[in-house]
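Below is one structure; the comments refer to it alone.
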Amino acid sequence: MGNAGQGDVVVSDAKVRDARPGDEDALFALVQQLGHAFTPERAAYDATLASYFAGEQPSVLLLVVDDGSPRLGGYALTTIVPLLATNGPSAQLQEIVVDEGARGRDYGTLLVHAVEAACEERGVTQLTVASRRSGGFYDRLGFTDAAEYMRRFFPADRGAARVLP
């Protein structure tokens, strides 16, 4: 691997960088390891990731751990949006996963610290994460318990028919 670029976080042989074209298969392998309510569909994944790489989703920050192996060590997906009540942009760490074979190498910590640095660079006033399963991990990183996470699912075909004013 070459030298780390500006904004890269490097520890030993691993660095955190922006996701880029060429990462598609390795990222999909990680998405499949993420415990979630949806079964990842490759076509939907490809379309979404292509929109990220094309710059069509400027509120999305997608960082990966690159340790020089053919697989990525993990990824973190964060959304950043201006909210009315936060006096500036607010970020939500939406997804984070470390490859099963790379756990125990502090890649999750690397990712969170890189997300925090990116948020500070963008003037974010708060970073939130909804997680019950990994609360101790986030506690060690300085996060505090603030709310309970609730969600509602919508049928996949419902959104396509809906027209907003």
- Note on the structure: Nearest heavy-atom approach of Leu127 to Cys119 is CD1-SG, 4.3 Å

- Evaluation steps, side chain to side chain contact (heavy atoms under 4.5 Å, CB included), between Tyr75 and Val97: CA-CA 6 Å; Tyr75 82 91; Val97 66; 3.1 Å; yes

- Query: Is there a donor-acceptor contact under 3.5 Å from the side chain of Arg103 to the main chain of Val98?
  - Reply: yes

- Could you tell me whether the side chain of Pro21 reaches within less than 4.5 Å of the side chain of Phe53, counting heavy atoms only? yes

- Query: If Ile, Leu, Val, Met, Phe, Trp and Tyr residues are connected whenever their side-chain heavy atoms lie under 4.5 Å apart, and connections chain through other members, are Ile80 and Val64 in the same group?
  - Reply: no

- Message: As a quick check of understanding, evaluate salt bridge (charged side-chain N to carboxylate O under 4.0 Å, His left out) for Asp25 and Arg71, giving each step before the final call.
- Response: CA-CA 9 Å; Asp25 291 339; Arg71 298 175 65 107; over 6 Å; no

- Message: What I want to check is whether the side chains of Tyr107 and Asp99 have a donor and an acceptor closer together than 3.5 Å.
- Response: no

- Task: With Leu93 as reference, evaluate Leu111, Thr78, Thr128 under the side chain to side chain contact (heavy atoms under 4.5 Å, CB included) test and give the passing residue.
- Result: Thr78

- Task: Decide yes or no for Leu83 and Gln126: does some side-chain heavy atom of the first lie under 4.5 Å from some side-chain heavy atom of the second?
- Result: yes

- Do any N or O atoms from the side chain of Gln33 and from the backbone of Glu100 form a donor-acceptor pair under 3.5 angstrom? yes

- Query: How about Leu61 and Leu63: do any of their side-chain heavy atoms sit closer than 4.5 Å?
  - Reply: yes

- Query: When rounded to the nearest 0.5 angstrom, what distance separates CD in Gln57 from CG in Leu62?
  - Reply: 11.5 Å

- Query: Just by distance, do the side chain of Ser90 and the backbone of Thr86 share a donor-acceptor pair under 3.5 Å?
  - Reply: no

- Sub-4.5 Å side-chain heavy-atom contact between Glu24 and Leu27: no

- I would like to know whether Arg20 and Asp66 meet side chain to side chain contact (heavy atoms under 4.5 Å, CB included); could you show each step before the answer? CA-CA 11 Å; Arg20 60 184 177 224; Asp66 187 339; 3.9 Å; yes

- Message: Working note: Arg105 + Asp67, criterion salt bridge (charged side-chain N to carboxylate O under 4.0 Å, His left out); need CA distance, chi angles, decisive distance, verdict.
- Response: CA-CA 11 Å; Arg105 297 183 191 166; Asp67 60 9; 3.6 Å; yes

- Task: Please indicate whether Glu41 has more than 12 foreign heavy atoms, meaning atoms of other residues, nucleotides or ligands, lying under 6.0 Å from its CD.
- Result: no

- Smallest heavy-atom separation, Gly123 atom then Pro89 atom, equals O-CD, 3.4 Å

- Query: Are any non-hydrogen side-chain atoms of Lys15 and Val65 less than 4.5 angstrom apart?
  - Reply: no

- Drop me the distance from Phe28's CZ to Asp23's CG, to the nearest 0.5 angstrom. 15.0 Å

- Message: Under a plain distance cut-off of 3.5 Å, with no hydrogens placed, do Gln92 and Thr79 share a side-chain donor-acceptor pair?
- Response: no

- Look up atom CG in Leu49 and atom CZ in Arg42, then write down how far apart they are to the nearest 0.5 Å. 8.5 Å

- Inspect the surroundings of CG in Asn87 and state if more than 12 heavy atoms from other residues, nucleotides or ligands are less than 6.0 Å away. no

- Query: Is there side-chain contact between Tyr45 and Val31, with at least one heavy-atom pair below 4.5 Å?
  - Reply: yes

- Do Val60 and Leu34 belong together in a cluster built from hydrophobic side chains that touch within less than 4.5 Å? yes

